[in-house]
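First the structure, then my questions, so here it is.
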Amino acid sequence: MNRRLPVLLLVAACALPFIRLGLGEILPWDESLYAIRADACLKFGAWLDQTQYAVGHLYSATHPPLGVWLIAISKYLFGDSTFAVRLPIALAASASVFLLWLTVRKMVSQNAALVAAVSLSTADLFLVLSHRAQMECLILFFSIAAIYSFLLAIERDRWSYVALSGILLGFGLLTKFAEALFILPFILLLPWVLGKPRMIRYVGIIIAVAIVIFAPWFMLMAARHPDYWTHVFGSLEILREGNYAPSKLAWWYYLNRLLVALPLIVVAIFVSGMSRSFRASLAWLVILLVVLQLIGTRMPHFAFLMLAPGVFLIASSWNGLMEMRSRKRTMSFILIILAVAWSASEQVRMLVAHRLVWDEFHIPLIGIITVVIALAMAVFFWRAIQGRTKYA
């Protein structure tokens, strides 16, 4: 069973995006806007530019069309259904978990890779957005695939993997341009992490190949719509100023979202003797946090960008946790339980944020059952850490 358990956990992690995938209807705004653009491809042959048929024209047609193409192909193959619209995103989400496991296994260890894969697949942001026809999980897939290809290029010193990494980055930029740029800090640090800093020269080639992939579509849109860039920059300015969906949680919004999504990230506090992968993951996460703080708008799908550096940081910390002294392991265990409790207790978080008054606070039966299960798991986890078993 010891050998089968990691395989079963990985399979379960990769299967989560498909559970209840076709349930319900297409949701308003982002999901429905992409579905309408996909219909324009199928019904009117508007594969390159769906502006004429999109809601609000350039309002919902500024993002590149690769994700829209995948949705359209899925609808063509499997019919006009909620399942077909969401299937490409679920496939990308599942593949992201597997590619993350492959990448971390090469950089850290097999146990850390399993912890990272399960942490990603069970994050609330991942579970929500892997079940919606939005572009975040596609960006995550292309980003992790680009990182893994670049890792292979550095290991084997082969140009084909460099080119593949550039193509994958280009696909990400052809899905959602600004958000796909979030992997650049880690791409730049990866040669140093692997002990081959001279390989950073490959980054220029990766970026050049990516430009060749995504630039033609943007040139086409600029030629067809003289106000295209004005509209894009105007939308970015609205987001930067926080005029779109501002949050009352202010500066700690993204830190809170990170802890809720990845409670195991608290293990990073106890790491001593930081490895290169730990430093690179931490730098990547801090850079993203700084950039997100400069944007006045607070939105969950922006916080989704922190999942990749967050799980890399967890993985880089995990082996150190297993090697800690007994007292330090006890402290980390207590903090992990508190972090998991905070992650699971939405009503407590709402009380702290003053979005719920005490008189409205209640714990339904399902909440009591959840607490009992969590306590049982806590006892098991405690014994596992004390015994340093692989079940931890």
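For clarity, every value in this text was computed on a predicted model and none was experimentally measured.
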Name all pairs fulfilling the ring pair (Phe, Tyr, Trp, His ring centres under 6.0 Å) condition that reach into residues 108-133, sequence neighbours left out, sorted by first residue then second.
-> none

For Pro263, check side chain to side chain contact (heavy atoms under 4.5 Å, CB included) against everything at least two apart and list the hits.
-> Ala339, Val340, Ser343

Would you please say whether a donor-acceptor pair under 3.5 Å links the side chains of Ser277 and Ser316?
-> yes

Distance, nearest 0.5 Å, that separates CG of Leu307 from CD1 of Ile144 = 9.5 Å

Taking every heavy atom of Leu23 against every heavy atom of Arg86, the minimum-distance pair comes out as O-NH1, 3.1 Å

Taking it one step at a time, do Phe177 and Phe218 satisfy ring pair (Phe, Tyr, Trp, His ring centres under 6.0 Å)?
-> CA-CA 10 Å; Phe177 179 78; Phe218 285 95; 5.4 Å; yes

Mind running side chain to side chain contact (heavy atoms under 4.5 Å, CB included) on Leu168 and Ser149 for me, showing each step along the way?
-> CA-CA 9 Å; Leu168 290 165; Ser149 298; 3.4 Å; yes

Report, as yes or no, whether the 6.0 Å neighbourhood of atom CZ on Arg201 holds more than 12 heavy atoms from other residues, nucleotides or ligands.
-> yes

Taking side chain to side chain contact (heavy atoms under 4.5 Å, CB included) as the test, write out the residues that go with Leu255, two or more places apart.
-> Trp251, Leu289

Are Phe186 and Phe312 close enough that their ring centers fall under 6.0 Å?
-> yes

Are the side chain of Trp284 and the backbone of Phe182 linked by a donor-acceptor contact shorter than 3.5 Å?
-> yes

Provide the closest heavy-atom pair for Ala280 versus Val193 in the form atom of the first, atom of the second, distance.
-> CB-CG2, 3.4 Å

Does CD in Glu155 sit with more than 12 non-hydrogen atoms of other residues, nucleotides or ligands closer than 6.0 Å?
-> yes

What closest approach, in Å, do Leu282 and Leu313 show between heavy atoms, and which atom pair accounts for it?
-> N-CD1, 3.8 Å

Validation row, ring centre Phe44 to ring centre Tyr53 under 6.0 Å = yes

Glu31 (side chain) donor-acceptor with Ala133 (main chain) under 3.5 angstrom = yes

Between the main-chain N or O of Ala116 and the side-chain N or O of Trp101, is there a donor-acceptor pair closer than 3.5 Å?
-> no

Do Met135 and His301 have side chains that get closer than 4.5 Å, going by heavy atoms?
-> no

Do any N or O atoms from the side chain of Thr82 and from the backbone of Gly24 form a donor-acceptor pair under 3.5 angstrom?
-> yes

Does the gap between the ring centers of Phe171 and Phe214 come in under 6.0 Å?
-> no

